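Only one structure is covered here, and it is reproduced in the block below.
For this chain, numbers begin at 1 and follow the sequence in order. As the structure is a prediction and not an experimental result, all values here were calculated from the model.
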Amino acid sequence: VELPRCQRCALPWPDAARADACPACEARQPEFDRAITALDYLPPWSGLISRFKFQRATSLQHTFVQLMANAIRQRPHRVDLILPVPLSASRLAERGYNQAWLLAKGLGTTLKLPATDGALLRARSTPRLMTLDSEARQQAIHGAFQVCPSWAKRVRGRHIALVDDVLTTGATLDEVCRLLRRHGAAGLSAWVLARTPAPEPQQNPPGQAPDSMTA
């Protein structure tokens, strides 16, 4: 049986029924209003997601979209527009597709909501964030995104769902959310396929809380 999750960051959290945010979110609030995940980023799912992301296993799209849609339906909230986290032009050319857009497009069809990959741009390439710690991720991703000029006024007042494959530290989603808030977005949700589990407490230095947010 799956543990209840923090309403804000989607980490498994036994006290989720009694409060909206876990202690890590109280200490450092994410920029999005809520996070919804279908899975924990653990085997065997982590291997399948890696194949979907890096090995052109796009046939997994339908299964992943259905898992996400089921999780989203359990937390009804207003969404006017679905946007994927964009890839840089070089990464897109290398991979041939944006896995976040495959998920976002499928969710738009399944949930009967508008979705577009034309509203956000990745203005520059960044290192592969999975190799970086939380602080380094924040530095690497700072200023990496832009709202396309034709969408600059069209995101104002909208409730937007951002779609990505994996939420780890939250750095990427936080950065996109800050950008959209500056352009007047009214609400921001993070819809992800999988959530990286929190580090084990013993891995943290004495007196330091686990870093729960990710990209």
Side-chain angles (χ1 to χ4, degrees), residues 1-6 9-12 32 34-77 79 81-122 125-132 137 141 144-145 160-173 176-177 188-198 213-215:
V1 178
E2 182 175 301
L3 279 173
R5 294 180 182 273
C6 172
C9 76
L11 279 175
F32 39 85
R34 68 189 59 77
I36 300 176
T37 187
L39 308 163
D40 284 307
Y41 191 67
L42 295 169
W45 295 110
S46 51
L48 291 172
I49 293 167
S50 182
R51 287 178 54 205
F52 175 64
K53 187 170 182 174
F54 299 116
Q55 298 173 27
R56 299 180 180 271
T58 53
S59 60
L60 291 165
Q61 174 192 11
H62 178 74
T63 297
F64 288 161
V65 166
Q66 294 307 311
L67 289 168
M68 292 178 72
N70 289 342
I72 292 161
R73 289 187 181 111
Q74 292 172 29
R75 298 229 357 237
H77 57 286
V79 171
L81 180 65
I82 302 174
L83 303 179
V85 172
L87 288 180
S88 66
S90 60
R91 193 68 51 80
L92 185 60
E94 169 192 320
R95 193 171 298 169
Y97 58 94
N98 179 0
Q99 74 284 350
W101 172 230
L102 294 184
L103 297 172
K105 182 166 54 173
L107 286 168
T109 301
T110 302
L111 300 174
K112 297 180 172 55
L113 291 167
T116 181
D117 66 345
L120 295 170
L121 287 172
R122 199 153 191 151
S125 296
T126 55
R128 292 198 184 278
L129 298 188
M130 65 186 72
T131 65
L132 305 177
R137 286 180 189 224
I141 207 72
F145 301 99
I160 295 170
L162 287 168
V163 173
D164 209 355
D165 53 348
V166 180
L167 170 60
T168 305
T169 62
T172 297
L173 286 163
V176 180
C177 286
L188 292 162
S189 301
W191 291 356
V192 297
L193 175 57
R195 181 66 164 99
T196 302
M213 304 287 27
T214 60

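- Closest heavy-atom contact between A198 and L11: N-CD2, 3.6 Å.
- At a threshold of 4.5 Å between non-hydrogen side-chain atoms, the residues V85 and V163 do not count as touching.
- The line from CH2 of W101 to CG of D117 is 4.5 Å long, rounded to the nearest 0.5 Å.
- Shortest non-hydrogen contact noted between A57 and F52 is O-CD1, 3.4 Å.
- Interatomic distance, L81 CG to L83 CG, rounded to the nearest 0.5 Å: 4.0 Å.
- Using a distance-only test at 3.5 Å, with no hydrogens or angles considered, a donor-acceptor pair links the side chain of R195 to the main chain of C9.
- Listed for the R5 side chain is a donor-acceptor partner under 3.5 Å among the backbone atoms of A10.
- Side chain of Y41 to backbone of P197: no donor-acceptor contact under 3.5 angstrom is found.
- More than 12 heavy atoms of other residues, nucleotides or ligands shown are found within 6.0 angstrom of NE2 on H77.
- Separating the NZ atom in K53 from the CG atom in L193 is a distance of 10.5 Å, to the nearest 0.5 Å.
- The side chain to side chain contact (heavy atoms under 4.5 Å, CB included) test with R122 is passed by exactly one of I141, V176, N98: I141.
- Atom-to-atom distance recorded for F64:CZ and L103:CG is 8.0 Å, nearest 0.5 angstrom.
- Taking 4.5 Å as the limit, every side-chain heavy atom of F145 sits out of range of all side-chain heavy atoms of L120.
- The backbone N or O of G106 sits less than 3.5 Å from a side-chain atom of T110, completing a donor-acceptor pair.
- Under a 3.5 Å cut-off, the side chain of D40 and the backbone N or O of L42 do not form any donor-acceptor pair.
- W191 is not listed as a side-chain neighbour of L162, based on a closest heavy-atom distance of 4.5 Å or more.
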